[in-house]
Amino acid sequence: MTVVTRFAPSPTGFLHIGGARTALFNWLYARHHGGIFRLRIEDTDRQRSTGEAIEAIIDGLKWLGLNWDDETVFQFARAPRHAEVALEMLKRGKAYYCYCTPEELEQMRAEARAAGKPMRYDGRWRDRDPKDAPPDLKPVVRLKAPTSGETIVQDKVQGEVRVANEQLDDMVLLRSDGTPTYMHSVVVDDHDMGITDVIRGDDHLTNTFRQLQIYQAMGWQPPSFAHIPLIHGPDGAKLSKRHGALGVEGYRDMGYLPEALRNYLLRLGWGHGDDEIISTEQAIQWFDLDGVGRAPSRFDFAKLDNLNGHYLRQSDDARLARNVVARLGVTVDSAIERRLIAGMAGLKARAKTLKELADNAVFYAANRPLNLDEKARAALTGNAIGILRELREALAESSSWTATSLESQARAFTEAKGIKLGQAAQPLRAALTGATTSPPIFEVMEVLGHEETLGRIDDATSATG
RNA sequence: GUCCCCAUCGUCUAGAGGCCCAGGACAUCACCCUUUCACGGUGAAGACACGGGUUCGAAUCCCGUUGGGGACGCCA
């Protein structure tokens, strides 16, 4: 049988990091088995669902490279079908009308809590004569759930999980306005969409018992389930905004690469021996549910940064240069674009994120005269100016403008003067990059070129001297 | 409150009774490389929550305790 998985977010906000991982696991599982990965938007909450959220989720999935098959299913549009199934259950005696008011239910819960019992609906309309129905009240449809025995989930991650049916109550299938509840629509949609494997956060584990009862009532074959642990913040509590609970676009804006985020998310809750750097091709080949752990994991930016740095260094220079230009919000001519590409090798080894990369690339994109930061200005005081002026004269005659030849010229110069290389290199760095840290300075000179280099030195020596 | 799930270095994890006085990665620290900062390399420190069993032998199995998390809506 072909594997069919799905990602089913509710469009009440952005695609958060936990959802992204759930989507990734579903996608990998489907791709691993040569199956189908589908997207269903659970927009039945009309108050909270928004078009922007739908767009954010779709953009987020696309950015992450998680492509889905077949057309996107919108759950709200299927409400008539959900009602149809509920009515069928009514007809079969598997469901019934309940005329309880919200106040009654609230009281029931309060009493149950006080008595130390599970907070559940007591089933007072379960076997009551419909003639008793109050004429002015619209009823909900409730599932006639089994009252004895137990419901068992065979979970691919959590193992066998069972609960006594007395713990579960008769849940609402159709609201009094005739719209379906989440619990009901999920089952109908998963069934109709031919989903074979439901992979979702383990906050749904206990919902599964109830959903299983709907499958049983309809005589449907339930899919297999895999409930993956949630992602927590660094403090072990729920992921907060400042700890990573952002939409994936937040990660994009911070300068993370989709392949890095994919790799990071994959390793959060899943392992394959000692492997850490895992390409997407490899992930598809290796991914299985056995490798998914059962304990929740904590989100760690430091590790994400490390992974991102790795993928950054692997990235194509032209791609990075384009991203840097976009981030800097500048327009550059083709000469500067070439300069950025040429300088990228030195730049990308020094950055963890695209944002950092862009910040460090400013001196390549900028036109003269350069802005010098405080430390750079400090490096251009005292005899540094004199050294720079002399070095400039030596360099002006240079016939070979490559990093290696520039370095040997500089070394010859400092040796002749009896000073350390650093005494010339640091002022040079300050003058050429406006900072005290940068890629190797002779490489910078090569990338900048003869004319620009001398010009920047002149700017620095005249402005300060 | 009731039910369910979880528990290995700070973090992510390897570990499916002897290969483990517990391995890898990130982070940390030291050293090397080096014109700066990175990258890279070498090394150090660092964990089986606790208590009982079972067994010749337990990180691995069982029970309990503690600690986390989740679910108990006419939200999804």
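Letters A, B, ... are given to chains in the order of the sequence lines, protein chains preceding strands, and every chain is numbered from 1. Just so you know, these numbers come straight off a predicted model, no measurement behind them.
Atom CG in A:Asp300 sits about 14 Å away from atom P in B:C9, given to the nearest Å. A straight line from CZ of A:Phe76 to P of B:A76 spans 11 Å, rounded to a whole angstrom. Atoms CG (A:Leu432) and P (B:U36) sit 16 Å apart, rounded to a whole Å. In this structure, the CG atom of A:Asn263 is 16 Å from the P atom of B:C12, given to the nearest Å. Here B:U28 presents its C1' atom at 14 Å from CG of A:Asn306, a figure rounded to the nearest Å. In this structure, CD of A:Gln426 is placed 16 Å from P of B:U34, rounded to the nearest angstrom. Computed from coordinates, the A:Arg298 CZ to B:A25 C1' distance equals 18 Å when rounded to whole Å. If you measure from atom CG of A:Asp274 to atom P of B:A14, you get 10 Å, rounded to the nearest angstrom.
Projected onto RNA chain B by closest heavy-atom contact, A:Leu421 and A:Arg109 fall at different nucleotides, the more 5' of which corresponds to A:Leu421.
A:Arg48 has no side-chain polar atom (N or O) that falls below the 4.0 Å cut-off from OP1 or OP2 of B:A76. Checking the phosphate oxygens (OP1, OP2) of B:U13, a side-chain nitrogen or oxygen of A:Ser297 falls inside 4.0 Å. The phosphate of B:G40 (OP1 or OP2) has a side-chain N or O of A:Arg313 nearer than 4.0 angstrom. Of the side-chain N and O atoms in A:Lys375, none sit less than 4.0 angstrom from OP1 or OP2 of B:U36. Side-chain N/O atoms of A:Arg267 include none lying less than 4.0 angstrom from OP1 or OP2 on B:U11. Put simply, A:Arg175 has a side-chain N or O that comes within less than 4.0 Å of OP1 or OP2 on B:A76.
A:Arg350 contributes a side-chain N or O that forms a donor-acceptor pair with the base of B:C37 under 3.5 Å. For A:Arg429 against B:U35, a side-chain-to-base donor-acceptor contact under 3.5 Å is present.
Residue A:His204 is classed as a base contact, given a heavy-atom separation below 4.0 Å to a base. Nucleic acid contact class of A:Arg142 (heavy atoms, under 4.0 Å, all strands): sugar-phosphate only. Contact annotation for A:Cys100: base contact, defined as any heavy-atom pair under 4.0 Å involving a base atom. Within the nucleic acid shown, A:Thr179 has no heavy atom closer than 4.0 Å to any nucleic acid atom. At a threshold of 4.0 angstrom between heavy atoms, the contacts of A:Leu205 are confined to the sugar-phosphate backbone, with no base atom among them. As judged by a 4.0 angstrom heavy-atom cut-off over every strand, A:Pro229 is placed among residues making no nucleic acid contact. Nucleic acid contact for A:Asn360: none, since no nucleic acid atom lies under 4.0 Å from a heavy atom of the residue.
Between A:Phe25 and A:Phe287, the ring planes are tilted. Angles from 30° to 60° get that label.
Counting only heavy atoms from C-beta outward, the side chains of A:Leu266 and A:His272 never approach each other to under 4.5 Å.
In this structure, a donor-acceptor pair under 3.5 Å is present between the side chains of A:Asp197 and A:Ser224.
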